[in-house]
Structure formats: structure tokens, C-alpha cells
Amino acid sequence: MLRRIFNRLLGGDERRVDSRTIYIGHRSCPASEAFIPPPKFCDNRIVSSKYTIWNFLPKNLFEQFRRIANFYFLIIFLVQVIVDTPTSPVTSGLPLFFVIIVTAIKQGYEDWLRHKADNEVNKYPVKVLEDGKPVDKDSEKIKVGDVVEVKENETFPCDLILLQSSRDDNTCFVTTASLDGESNHKTHYTVPDTEKDLDSLSATIECEQPQPDLYKFVGRMHIYKSNQEPAVRSLGPENLLLKGATLKNTQKILGVAVYTGMETKMALNYQGKSQKRSVVEKSINAFLLVYLCILLSKALVCTTLKYVFQNKPGQDEPWYNEKTQREKDTNLYLKMFTDFLSFMVLFNFIIPVSMYVTVEMQKFLGSFFIGWDKDFYDPEIKEGALVNTSDLNEELGQVEYVFTDKTGTLTQNNMEFIECCIDGFQYKYHDSSSELDGFGVTYGPMSKLQQKAGWEREELFLRALCLCHTVQVKESTEQPQGQEDGQKNQVDGSVLDGEVPSAPQEEKGFIASSPDEIALVKGAMRYGFTFMGLESKTMKILNKNDVEMYELLHVLNFDPVRRRMSVIVRTRSGDTLLFCKGADSSIFPRVKLEEVERIRMHVERSATEGYRTLCVAYKCLSAEEYEHADKGLKEARLALQDREEKLTAVYNQVETGMSLIGATAVEDRLQEEAAETMEALQGAGIKVWVLTGDKMETAKSTCYACRLFQRNTELLELTVRTLEERGRRREDRLHELLLEYHKKTVQDSPLAKTSWSVGNQDYGFIVDGASLTMVLNSSSDSNTSHYKNLFLQICQNCTAVLCCRMAPLQKAQIVKLVKNSKGSPITLSIGDGANDVSMILEAHVGIGIKGKEGRQAVRNSDYAIPKLKHLKKLLLAHGHLYYVRIAHLVQYFFYKNLCFILPQFLYQFFCGYSQQPLYDAAYLTMYNICFTSMPILAYSLLEQHIGMEVLLCNATLYSDIAKNAMLRWPPFIYWTLLGVYHGLLFFFGVRLLFGNLALPDNGQVFGNWSYGTIVFTVLVFTVTLKLALDTRHWTWINHFVIWGSLAFYVLFSLFWGGIIWPFLSQQRLYFVFANMLSSVSTWLVMILLVLLSLLPEILLPVLRKPRGPHARQKKMVESSEGGLQSPRSPARPLLMRTFSDESNTVI
Amino acid sequence: MMASSYNAKEEDGHHSGSASHGGAAVVKSKKPDNTAFKQQRLPAWQPILTAGTVLPAFFVIGLIFIPIGIGLYVTSNNIKEFEIDYTGVDMNSACYSCAKNFSWNSTTSCLCTVDFTLEQPFESNVFMYYGLSNFYQNHRRYVKSRDDSQLNGDMSALTNPSKECEPYRMSEGLPIAPCGAIANSLFNDTLKLYYLEANGTRNEIPLVKKGIAWWTDKHVKFRNPGGNANLTAVFQATSKPVNWRNPVYELDQDPENNGFINEDFIVWMRTAALPTFRKLYRIIQKKSSTMPTLPSGKYVLDITYNYPVLSFDGRKRMILSTISWMGGKNPFLGIAYITVGSICFFLGVVLLIIHHKYDTRSTGADIPN
């Protein structure tokens, strides 16, 4: 009773309960003492949309005005509406309205698309079992506990626990392509012992609360049978069918809904990534602050001077200009305040509302160029680059650190079985059919040593390769075969046709989560041991011409921490065998020492040749041992809490005392142009760190192959090996080594810098996961930060850093460490697999490679490219250009608004500080929207101050813009001074012209609006021509837009002044522009002022010649010469054999 | 001016002929289009500023600007301008008593006479300006205090002027026409110019009061309500501006220059940009080709002193000026052109020296492609 109340109380707040109970088919359970009313679970509606029709307007407006800039403009607008201000509310209201409307339309459209997608999912017809009969329902009506029927090729409408499958072996196949991109079929199992008749099934499921990890699920099922103790079955991820996955190769299944709607793992996973902000945005905000200060001080100065001025006799209210009654009645201090606000409004254009729009448009439109680039198109996967976010385009030009994964990124992840070693004897596979069948039968001499291991050992080794994996045989649906008979036929066929035994199997193909496994299985196949597939827990192996059957008892899954996996199988004869394969470091401690000695040499040799090595061990389990292990495993699998830990413990316990059979070597070829890309990145001043889970030797050889390490690079190792070599405490040794390396790299380097070219020692740093843990989590806190600092400084002074044996989280840790280090450098992570996701998310820019290990990296990345080699162009060409474009855009925007508003400010000194605007309202409004916005937008999309080809061949150009070079304070001050100079020139130039107001040749005089129009015309022309001078890449679009906007300005001015506009209360500009053009003096002064403004612009690049194109050209010639004579090419390490052919083919 | 290279990167247009069969169409949708725009390979002109290109530009600018500047300077110097302050601040000045005894209520106008001598004859048309100093016609409250639709002859605006005209909108319950501070403070001194012959007789110089306002203002922007006839009737229900002596329909006898289209009024309504300004008052037409318009000699300026400026420390001036193609006298432009031209020329020389000393090699540097 108490429990009931307790549950009810907490029912509303599910988060506090760590498990949920589900009644299958909503049937109460007879055995439980009381039916606990299930807490309300959310329905199966997927809501990815943000708005509804009703709340769109308020919610969207609220969202938009949360942005600081929009809010600022709203405030300005409100001030204009409330207070009597010099400019009408339209001048700031119209642009704001425009921005808000455009954004709202865009967001509304996106939301409408989401609504459509939601509806498609939510109204999808599903069959729900009610009283044993399937009833059609909308997908959104599914409740937790409903039993749902799903047919082949349908997607699961919610997360289901598989109860029944139409397949005989109580399995079903699904593909999770839409979830993580892995297109292989995954096997899921029904809960054992559920009755065939679901009507009479009375059971509850207890499972954890929804959580986003796709690969984790713990739960248990209580099955109540009449007069029996309830049976308990454990539930794991293999029982859970995820929403979004598709049923394959299975006619239909029945499952009970456990998580619905927004609580499904898919929905939980699609919750937004954290927003990444670029440095440029931070710079903009800093500049914005400066301009806000300028704005405030301007307003303050004007307000103060206004009251000083009004104190002079007769100036506050001369007879010709009396105040209105309301003005007279207002309190003095209130008036001061409103005056201040009025000045703010008058000068508010200094912070342009349109800049944000333009920046966003530039980013959005600019990002298309990446997707459009045909150089990023990979004919193999038939895809180009993918841009997931356009906010970080310019960040690509600022990268200082590249963290790259090894497998699949630097290398192709296209594994090929190269050699193996059995009991210390080496077997090398030669790709010639004559020797192919020699292995098993004639034990043909495969090793140079002409020695071989015993025939039993060879067979055992190959059996281990065939059994110890999770590979599936791809079932071809087009050729329906009687499952077992068909394969038997094939077997028979192969016996008859002995020449081509493996051909049908090759066609069938294998599917596995890791390409290593396929390589191993295929390798074993070459030697005559063919894996036929797994059927109802029986693995079949074709050994030359016998079919061997093994009962698969347990799979001890692979995980990156253990770095090994095992299977427990029972042979026909009843022996229980455990086969284990894994990294040498995780296998060696678990086998006998003398066996290790025989194999270690081979493993290390293979590793230095750049192969991935795995060790294979086995163990015969006695009946008691198996019993014990079986029990332990089952118990651990049933555990609801800490299942992972418990399982690991059991695994560790089982996988001991094995005997080592041999090792395999699998080659992972380098990606195309990997070395060139790395070289280019290093040439660009980018530090490349390799973060891999692989072993040190393999990773090191890859680094050599990629030319990250050169022959003359001195390697500094901080690994378990170096830490242990002198038999002292690891901590002491760590301390010692860190200090030693620090001395070498940091303290001695200034000397090296002075003699830059001669004798400069390159350092490479190698650290492994275990040592890194010690550095980061040292025993004492004071040491930790000290070590961290030392570590970072060492790393930063090395040309390349290799971190091997990294767990995914450690990768992210490293990225974070560098990201938060001094100077907060921009980091980029590139990877292709799920294990890289954490570092991709952590780095400033995350790049996913559309590789073989699923789509998770791509999904979580900011940009995705098909191949590593595309990184070069992405950074050196696209990134560089994007950065230059947007930096120029930002500086230009601030500049053009400063020289726009400065004359207005100066005018206050001549109009009695009365907030009289210098320009007409139309000009104030249109300046940023129409007259000067298009040229800069075109510039910021099309500019190539240096051609793409030049950028690509000359990587050093990249370092010219490193560290936000174009948006630091010096260039900002330069632009600001330029703006001030122009503003002063415009105002006082025209002021001097207006020394005599009789400007036309008919003696008539010009008024204040003529003054403003002349200043404005000079301004528009100067600002546009300034951009024209900066443009180094004139396409027809630039021509069109630059000359077009000038023409538009002139035409607009003529038109605007040519008509008496009925909606205007004052015809201020009536024929002002045309009259202005009738005066020769005005023309002359405009030409003079434009020229004088641009004079420094023309002069500076000429005086700054050493950094001009001449130097660049020279530099380029030198570097290309240097490239030819580079000592690198002969310096390639022993990997010539492995990689030289490849690099030849690429070039 | 700029070294340039036409760098047309040709579009390598090998479009795969895949549109024909369906399978390839799917492929094509993913493959980026090979267009010049999408590949950022639009043909482009790539100018680069170098000393070699800028040098001639500087010389050319210098060579063009210096003559223009000299021309402007000479023209400006040839313009005759005479200016006389008649405010009457000084005890000795003729208008001292008028300025001192000014009262809004007096019905009789105060008259004063200023003598002056023109040293040089004014040859062509002479333009007569009045100038005001320290008069903030560009004060915001002042600038907006007008109703352009009323001035454009709108009947409803005539009887109900815009709120902007406050506090010069209504007077004694009647709408003011023309309303607003600008109109209210219309400059109403009358200036008359006499040539003092050697024998002492005063020859009145004819002053033309047409053609002093912008043509478009006079003919389009300003219009009398209901045409130029019967102004008295039209303005019946309105009140004259507070500081005016006569209602708007009595500004002039000439119906083409009366009411809102009175040119003096229109000129005044074009607010000045700066607190010291001049406005065109009258034109003295050149009569014969032999006689100068204003010969050198003594002149007398008769002033009907109506306009008080001392209360805000203002000044009033009368200006006589000839006009050239560049407008009134303004030495600034000429000096500026000469200066900029010289600077450019000088820079050109300096650059030439630098150029020859340090960079004797190739000048036309383009980025090779």
C-alpha cells in the first residue's frame, strides 16, 4: 500500500524513478499483489517542430529578440516611437522589420517542413494487437505496453522489445542505416521462453528510464505463469528494436512498446548539438562593444554640450524658434535623458542591423561552395562534401591544430590479410593461386625460414580465426536458397569443383562492424577454412571439404577498453573451447610467458611495417569452468544496474590462462594523398596530432608513412614502456621524463630558432593512453596542473604528436586540453568512426569522413568530406578564402558605418546640438540596405585575393592569416582610423565648400539637405570604390553589383527627389539631388574628396610592397625549388615497400 | 592605373552525357555541377596595385588637378564680392538706434542708411544677398516646423496645419498660414540700393526679385491654394503668422509672386545648412555691354530695419557678388585642387625614386597561374 502511494507520488516525476515498469498488452499480472497503475508515459508523437500555428508569432519573436543585436534594435525602435527623436521610427523599424520577417519566414518554413515530416511519421499506419487481433492505428496512438506488429521492410514506430518473430530461430534482422548509417544487418533476439500465444502472456518489463545511448539497454522481464514462480529474463540491446531501424529478412515480428515518442532513443539522440561559435563572432562582439562605447560617448558628449550651449544667452529659445508648450513643461532632467536617447537614436546606425543579416547570408550562401566543389566529389561513394553547419566556414581558415584519427582517416580502413605467425613461425600469404591451396594440404613452405609449426596448431589457428568473430554472411535475397540445403549444395559443389572453392563465398560477402574481422575471415578462407555462417547458434566452417559445426555458447563482445573479444563454442565432440583475439597488450598478460616470447618479435616487426596486429589465443574449458563462466555471464547479463561493469569483471575472469596460438597482420593502406595532405597541413603551420586507439608501433609507422615524422625527427616517447624501463616508480619516471623533454623542446628551442635553417631539430612526441592518464590525473593535484603544463608545452613545441592507445573519451580530453590552453588555439578534429565522435564534438571544427565505419562521425560533424585528401583544399583554399572574406566583411561593415555616422555627429556642433540629422530619412534607411550592401555581399562570396590554385600549392600562405590576423586589434584600429579619416574629410570638405552657399552658376543657394546629400553622395561613392580597390577578383558579378549599386544610388536619388511624395509630410529632398548635380563646384568637390579619401588606400599597398605580390611570387618560387631539393624523398623510412607503389599511382 | 591580367579560367565542360538513362540521373543529382560559378572559377579580372601602376596614376592626377586648381583659383579671385554688416552693434554704425530700439509692437518701421564705396566695378550680373550669422536655421525644432502640404496648396492642410508647426500652428483660434517657425521668422528687412553720383544725386539701382528661388520650388513645391487669383478670399479663414506685419496674400502686388509662391518666402523656407548663411535677395541685371553693372563709386544702402538679431547675438549683412561658372567666390576649391595635385605629383616623384632604387626588375607582377 505504501509502495503504491509512493509510486503514485513519483509517477509524475519520472526522472526520479530509475526504472519503469511496463505491462505487456496492459494486462495486470496475477502474481503481483496489486496492480500498480502505470505512470503516464508520453505518447508516441514525435514532435521535432518548434512551433504551432498559435504560438508561432509570440514564440518566434521571443526567440529572435533574445539575440542581443535584435533586442538592441528593438529598444532603439521603441525609443523612437516613444520619445520625440530626430529620425522617424521607420528608419530603424523598417530594417528591423525586414530582418525579423525574413528570419521568421525562414524559420517558419523550416518548421513547416518539420511538421510535415512529423506528420508523416505520426500518421504512419501501424498494427497494434488488441485482444489478439491486429487493429490499424496511427503511429502516434501507440502507448507504452502496446503490442505492435511490424512487417518486413517497415520501420519500427517506437522502441520495441522483440517478443515474437516469424523466423524459426527466434531472431530478426534489422538495419540501422537511418540511425547510425551502418547498413549491415544486425541480429536481434526474442526474449527467451515467451509463449507463442501472446494473448495468454502475462508479463511485465522492468527497464531503465530512457537514455540516448543507442547501444545500451538494460531491463528484465517477469513472466507470470499460473501457479509458478515468475520467471525472470534479462533484456539487453539485442532484444530492443529501435525506432527508425528497418526490419529485414523477416516477415513480421511482434514487439511490445517500451519507449515511445520523444522518449525513444532516436528522438533522444536527435536533440541538438551544442552551438559552436566561431572566433569571428567573438571578434564581432568585441568590436560591437567598442562601437557601443563610441556611440554612448558620442551621445554623452552631445548631450553635455547641448546644455552648455543652451546656457548661452538667447540660444536656448531664440524668438524665431520657440519651444512648444509640452517641451516647456517637461522636467529638465527628463529632458536631458530624452535628449540623450535622441542622440543615441541619431547615431545608432553606427551599429548596423544589416551586418548580422549580411554575415548570416554570407555564411549560408558561402557554405554552398563547399558542397558544390567537384574536387570534393568522390566517385566511389558518389557523394561530395556535406556542410552541416554554415557558422564555422571561416574557422576553417584559422585552424592551428588538427587532430586526426588514424584508422579510416589516415588509412583506408580497407583491410587485407598479409601474414600470420603461428607458434613463432611466419606465414606469408602470396597472392598467387598456385600457392593458395598449398597451405592446408601440403603445408607448402610459406616462410623464408623454411620452418613451420605443427599441423594441428595451424588448424587450430585457422579455426580460431573462423570462429572468433561476429561476422555475418550476407544473405542474398534475390537468389532464394533453401537455407541449409542451399548451402549444402554449395558445399557439395565446391567439393566437386575443387578449383574454385571460395568463389561463391566471395560473392556472398561478409558483413561485420569492423573490417579487421572480415579481413581475418577472408584470410582464413584463403587457407581453406571458410566460414559458412551462423544458424541458430551453430557456426559452420567448411574446412577444405568437411563441414565442421560448432555450437556458439557465448560471445564476449569486443570493447575498446578490453581491446579483445572472445567466443565460447562447443565442438561436436563436446569440448568447450574459448577463442580469444585482441591487441597484443591485452592478450600477452593473459597467456604463458614463454609463448609470448616466441610471438612478440613477429608482432613487433609486423607493427613496425605498418600492419595492424592481433593475437589469437585459446583455452580449453573444463565442464566446471564452463559452468562457472556460464553462470557468471548469465547473472551479469541479468543485472539491471552496473551491467557493464559486472560483465567486464566476468569477462576478465574467464579470459585468463589462455595459450597463445599466433598472431595476424593485416595491412591497412594509407588514404590517397595522405602524406601530401599532411605535409601541406604542416607547411601551413598547422600542428597535426594523430590520436588513435591503435598500438604505438603501427601508429608510428603510419606517421612515418604520412611524413608526419621524418627520418631526422627525434622521437620523444612517453609510454608505458619508457616509463617502466628503469624499474622505478612510474610517477618518478614520468616526472623525470617530462622535465627532460621539456628541457629539450622548450628551453633549448630559442637557440634553435636563432639558427632557423641550420641544425633545427624536429621533435616528435609519442604518448600513450596509460601515460596520458597519469599526466592528467596525477596522484596529487598540484602535480596535475604542473604536468599538464609541461605536457602541453612539450607538445606545442613538437612538429607532430602521436597519441596512441586512446580511448574515445581520452581523444576528447586531449582536444579539450589543447583547446583551453594558452591562446586558445583553434582545433579541428577529423575522424570517420563512432569512436571519433567525442573529439569531433569537442573541437572547434569537427570534420567527418564519409568512410566505412558508419555515419555517426558524419552526423555529428560540422563538415563531412569523402576523403582525407579533401582536407587540404577545405582548409587551405576554402577556409582561407572564407576567413579573408568574412574578416573583410566585418571590418568593412564597421568602417562604412563609422564614416557614415561621423559626419552626422560632427554636424551636431553646427546645428546647436539639436539632433538635426544630416541625411534624409530615406538615405539613413537605405544606406545599409540598398546602397552599400550588395557589393560587400558579392565580395564576401566571390573574392579570391589569391587564386585557389596558388593557395593550394603554397601552403605557407595559410599561416599569413593565422591567429585571427585580420580581426585583431591593429587591423581593426586601422579600419577605424580610416573610417574617422573619411568621416572627417567628407564633413569638413563639404563644410569648406559651403563657405559660400552660392554654388550653382545662377547665384541661388543650397540648404541643409543639399549639404547632407553631397556628403552622402561622396560617402556612397567612396565606400563603394574603397571596396572596389580591395577587390582582387573581378567577376562579372562584382562589376555588375558595384557599378550597379552606384547607378542605383544615382537613379534612386533622382527618382526620390523627382516626385512630391504624398505620404511624406515634408518634401525635403525635392530636386535637391538634381540641383546638386547642376553645380560644377559640387562635382569638383565630390571628385576631390573621393580621390583624397582613397589616396591612402592606393598608397599603402604600394609602400607595403615587401609583403606584396612580388614577395609572394618569390616565396613561391623558392618554396617550389625547396620542394624539389627536399631531403625528404630519400628520407622515407623502411616503409618504401609498403607505400611507395601507392604514392606513385596517386601521382 | 592597374596592372591587370585577364585570367579567364576556362570551364572544362565535359558534361557526362548521363541525362539519357535513369540510373545515372540519380548519380548526377549528387554530383556537383561543373559550372564556373559553382566551382568558383568565374572568369575574373585580377588587378594588382603596384608601384608601376600607381606611379602614372599619380602623375596623371597631379597633371590634371594642378591646372584645374589654378583655373579655379583664378576664377574665384576674379569674382568680385562686397560685404557690409549693418546689424548696428557698434555705437557709430548707422543702424545702432534701430537695433537698440527694436520693439515687436511698434507699427512704424525704423529706417537707416549705410554708405559704402565699391573700389572696383562689378562687371556682369550682380547678386545681392543678405547674410545672417549665429542664426540656427538648421535647428531641428526649426527645420521640421513647417507644413509642406499646406505650402503645396492643400486645402485641408490650410485649415488644419500639421502638428509639426507647433507652437506656430494656431493663432487666436485660426490656423496660421503659412504655419511653423520657419515661415514665422521670415526675413523682412527691406534693402534698397542707390548709386551716389558725383553730384550727390541718388540713382536707385533696379533690383530684380524674380529668379532667386529654385525653379522647381517656385513652380511645383510651392503652390497657392486654389490658384493665384483671389488669394484674399482663400486665406480668409486663416491668420497671419504672429511676427508678420502683413498677411501672406499681401507679400507682393504681383500675383505671380504673391502668397506661398513669393520668391523671398521660398528662399527663406529653404533652411540653411550652417548657422552662418547667406540667402539670395535680389539680382541686379547687367544692362549694357559697355557699362559695368555696378561701377566703382559710392553707394547708399537704405534699410528698413524690421528684423531683430541682437537678442541671440546674431549679425546681419548685405552682400554683393558676381557669379562665375563655379558659383560664388570660394578660394577653397582652387587651393584644395592645387594642394592635392601637388601632393600627388610629389608622391609620384618619391615613388619613382623608390621604384628605381629598390625594384629595377620586372614591374608587371601577376600571380602566375
Side-chain angles (χ1 to χ4, degrees), chain A residues 86 314-315 318-322 324-325 369 372-374 377 382-384 910-912 914-916 946-950 992-1001 1003-1005 1007-1008 1011 1032-1035 1060 1065-1067 1070-1071 1075 1079-1081 1084-1085 1088 1092 1098 1101-1102 1105 1109-1110 1113, chain B residues 27 30-32 34 38-40 42 44-46 48-51 54 127 136 138-143 148 152 162 164 166-167 181 185 212 214 216 220-221 270-275 277-280 283 311-313 321 323 325-330 332-333 336-337 340 347 351 365 367 369:
Chain A
Q315 288 308 346
W319 65 264
Y320 57 85
N321 190 13
E322 280 170 17
T324 57
Q325 199 56 41
F369 283 120
W372 282 338
D373 196 322
K374 71 175 162 58
Y377 180 76
K382 296 200 171 59
E383 270 179 74
F910 295 87
C911 72
S914 58
Q915 300 127 21
Q916 171 62 26
I946 305 172
M948 285 237 197
E949 292 82 0
V950 183
L992 285 171
L993 177 76
F994 269 57
N996 188 333
L997 292 172
L999 289 166
D1001 55 359
Q1004 294 169 356
V1005 292
N1008 64 325
Y1011 192 111
R1032 289 278 167 281
H1033 191 79
W1034 284 83
T1035 65
I1060 301 267
S1065 65
Q1066 296 204 358
Q1067 312 294 336
Y1070 187 68
F1071 264 86
N1075 255 307
S1079 158
V1080 183
S1081 298
L1084 287 173
V1085 95
L1088 180 81
L1092 207 55
I1098 300 167
V1102 179
K1105 214 173 37 170
H1110 284 280
Q1113 199 179 23
Chain B
V27 175
K30 283 244 180 175
K31 178 160 184 170
N34 187 13
K38 289 188 175 180
Q39 300 307 322
Q40 306 194 52
L42 283 175
W45 173 54
Q46 296 177 314
I48 290 157
L49 287 179
T50 59
V54 172
F127 293 77
Y136 283 86
N138 58 1
H139 196 281
R140 179 160 72 94
R141 204 189 315 131
Y142 187 84
V143 170
D148 275 352
N152 198 29
S162 153
E164 303 280 5
E166 289 290 359
S185 57
I212 57 175
W214 292 13
T216 47
V220 189
K221 195 174 169 185
R270 182 156 294 282
T271 49
L274 300 164
F277 59 89
R278 65 173 67 173
K279 281 183 190 286
L280 189 53
I283 301 169
S311 62
F312 52 85
D313 201 23
S321 168
I323 290 289
W325 53 272
M326 61 167 283
K329 193 182 183 80
N330 194 351
F332 153 72
L333 259 183
Y337 262 82
V340 172
L347 280 174
L351 281 179
I367 291 171
N369 214 357

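Chain naming here is simple, since letters A, B, ... match the order of the sequence lines and numbering starts at 1 in each. These numbers come from a predicted model, not from an experiment.
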Pairwise side-chain contact, [X] with [Y], heavy-atom cut-off 4.5 Å (strictly under):
X: B/Phe332; Y: A/Asn996; result: no
X: B/Ser185; Y: B/Tyr142; result: yes
X: A/Leu993; Y: A/Leu999; result: yes

Any chance you could measure [X], atom [atom1], to [Y], atom [atom2], to the nearest 0.5 Å?
X: A/Glu383; Y: A/Tyr377; atom1: CD; atom2: OH; answer: 8.5 Å
X: A/His1033; Y: B/Leu42; atom1: NE2; atom2: CG; answer: 6.5 Å
X: B/Arg141; Y: A/Gln916; atom1: CZ; atom2: CD; answer: 12.0 Å
X: A/Gln325; Y: B/Glu166; atom1: CD; atom2: CD; answer: 9.5 Å

Top contributor to chain A contacts, counting heavy-atom pairs under 4.5 Å, from [options]:
options: B/Glu164, B/Lys221, B/Lys279; value: B/Lys221
options: B/Leu280, B/Ile212, B/Thr216, B/Val340; value: B/Thr216
options: B/Arg278, B/Arg270, B/Met326; value: B/Arg278
options: B/Ala273, B/Gly327, B/Ser311; value: B/Ala273

Top contributor to chain B contacts, counting heavy-atom pairs under 4.5 Å, from [options]:
options: A/Gly912, A/Ser1079, A/Gly995; result: A/Gly912
options: A/Trp372, A/Tyr1011, A/Phe910; result: A/Trp372
options: A/Ala998, A/Pro1000, A/Ser1065; result: A/Ala998
options: A/Trp319, A/Phe369, A/Phe994, A/Tyr1070; result: A/Trp319

Is [X] in contact with chain A via its backbone, its side chain, both, or neither, using a 4.5 Å heavy-atom distance?
X: B/Phe127; answer: side chain
X: B/Thr271; answer: both
X: B/Ile283; answer: neither

Considering all heavy atoms, the nearest B/Ala44-A/Thr1035 contact: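 Of all heavy-atom pairs spanning B/Ala44 and A/Thr1035, the closest is CB-CG2, 4.0 Å.
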Proximal component of [X], with respect to chain B [non-hydrogen, under 4.5 Å]:
X: A/Gln1004; result: both
X: A/Ile1060; result: side chain
X: A/Thr324; result: both
X: A/Asn321; result: both
X: A/Leu1092; result: side chain

Aromatic centroids of B/Phe312 and A/Tyr320 separated by under 6.0 Å: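 Ring centroids of A/Tyr320 and B/Phe312 are less than 6.0 Å from each other.
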Main-chain N/O of B/Asp148 paired to A/Gln1067 side chain as donor or acceptor, under 3.5 Å: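 The answer is no, because no donor-acceptor pair under 3.5 Å joins these two groups.
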